Amino acid sequence: MALSMYGEFFHNIDAKGRLSVPSKFRDSLGSTVVIAQGPERCLRMYSVDEWEKFVESIGEQLDTSKPEGRMIYRQLTSQASMCDIDAQGRIIVTPKHREYAGITKEVAVIGNGSKAEIWDRKKYDEMFGAAVFDDETFSNKIAEFGVQL
C-alpha cells in the first residue's frame, strides 16, 4: 500500500525545468515518478506502482471498443512521462508538460492522497480561492456525497 501524500508546498521551477519534490512526498513516490496531464490543466505525479494501478483501472472502466474510449485512454497514457528523482530531490518537468499546465516559475505541489498535483502557483491560488466552500455549502456537499466524518 502506498503512503498517502497531503499538504501544499510552494517551490520554483528553474530554467532547465527542475522542480524540487517535497521531501515529505519522496518516500511515497520512490526514486522514479510518472508525470501525467491532469484535469484543470494541472500535472499529476504518481509513483510507478500507483501509475500502473491507475492505468489498469482506467483500462477496466473505459470501453475501448468505441473510438472515444480509445482516445481517452491514449490521451491519458501517451502524454505521461517517467523521470527519476535526482540526488537533490528534483525532477525534470518536460517543456510539453510545463506548457500544458501553464507553468513558468512558481508552482504549488499538493498532496492528493496516492498522488501529488503540480500547479502553476497563480492558477492554483485562483482555483483554490474559487473552489473553497463556505461552511454551510461544505456541510451540504459532504452530505450530498454521503461522506461520513
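As the structure is a computational prediction, the values presented were derived from the model and not from experiment. For the single chain, residues carry numbers from 1 onward in sequence order.
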Practice prompt. Can you measure from CE (Met82) to OG1 (Thr32) and round to the nearest 0.5 angstrom?
Written response: 6.0 Å
Worksheet item: Mind checking whether Tyr6 and Ser4 have side chains closer than 4.5 Å, heavy atoms only?
Response: yes
Fill in: Same cluster (ILVMFWY, side-chain, under 4.5 Å), Phe9 and Val33
yes
Discussion item. Between Asn112 and Glu117, does the side chain to side chain donor-acceptor pair (under 3.5 Å) criterion hold? Intermediate values first, please.
Written reply: CA-CA 7 Å; Asn112 194 347; Glu117 293 180 344; 3.0 Å; yes
Practice prompt. Might you confirm whether atom NZ of Lys122 has over 12 heavy atoms from other residues, nucleotides or ligands at distances under 6.0 Å?
Written response: no
Worksheet item: Once you round to the nearest 0.5 Å, how far does OG of Ser139 lie from CZ of Phe133?
Response: 11.0 Å
Item to complete: Taking all non-hydrogen atoms of both residues into account, name the closest pair between Trp51 and Leu76 and its distance.
Response: CH2-O, 3.5 Å
Worksheet item: Hey, mind stepping through Asn140 and Thr137 against side chain to side chain donor-acceptor pair (under 3.5 Å) and telling me if it holds?
Response: CA-CA 5 Å; Asn140 291 337; Thr137 303; 5.5 Å; no
Discussion item. A quick test of your reading: do over 12 heavy atoms of other residues, nucleotides or ligands sit less than 6.0 Å from CG of Asp135?
Written reply: no
Worksheet item: Are Lys141 and Glu144 within salt-bridge range, i.e. N to O under 4.0 Å?
Response: yes
Discussion item. Show the nearest heavy-atom pair for residues Ser81 and His97, with the distance to one decimal.
Written reply: OG-CE1, 3.3 Å
Discussion item. For Lys53, is there an ion pair with Asp49 - N to carboxylate O distance below 4.0 angstrom?
Written reply: no
Worksheet entry | Straight-line distance of Glu52 CD to Ser57 OG, nearest 0.5 Å | 13.5 Å
Discussion item. Let me confirm one number: the CD-OG1 distance from Glu99 to Thr104, rounded to the nearest 0.5 Å.
Written reply: 12.5 Å
Fill in: Beyond-backbone contact of Leu43 with Ile103, side-chain heavy atoms, under 4.5 angstrom
yes
Practice prompt. Can you establish whether the number of heavy atoms outside Glu136 located under 6.0 Å from its atom CD is more than 12?
Written response: no
Practice prompt. State, with a plain yes or no, whether a side-chain heavy atom of Ile91 is found less than 4.5 Å away from one of Ile35.
Written response: yes
Discussion item. Nearest 0.5 Å, please: how far is CZ in Phe10 from CD in Glu106?
Written reply: 9.5 Å
Worksheet, complete the sentence: Taken to the nearest 0.5 Å, the spacing of Ile85 CD1 from Ser20 OG works out to 9.5 Å
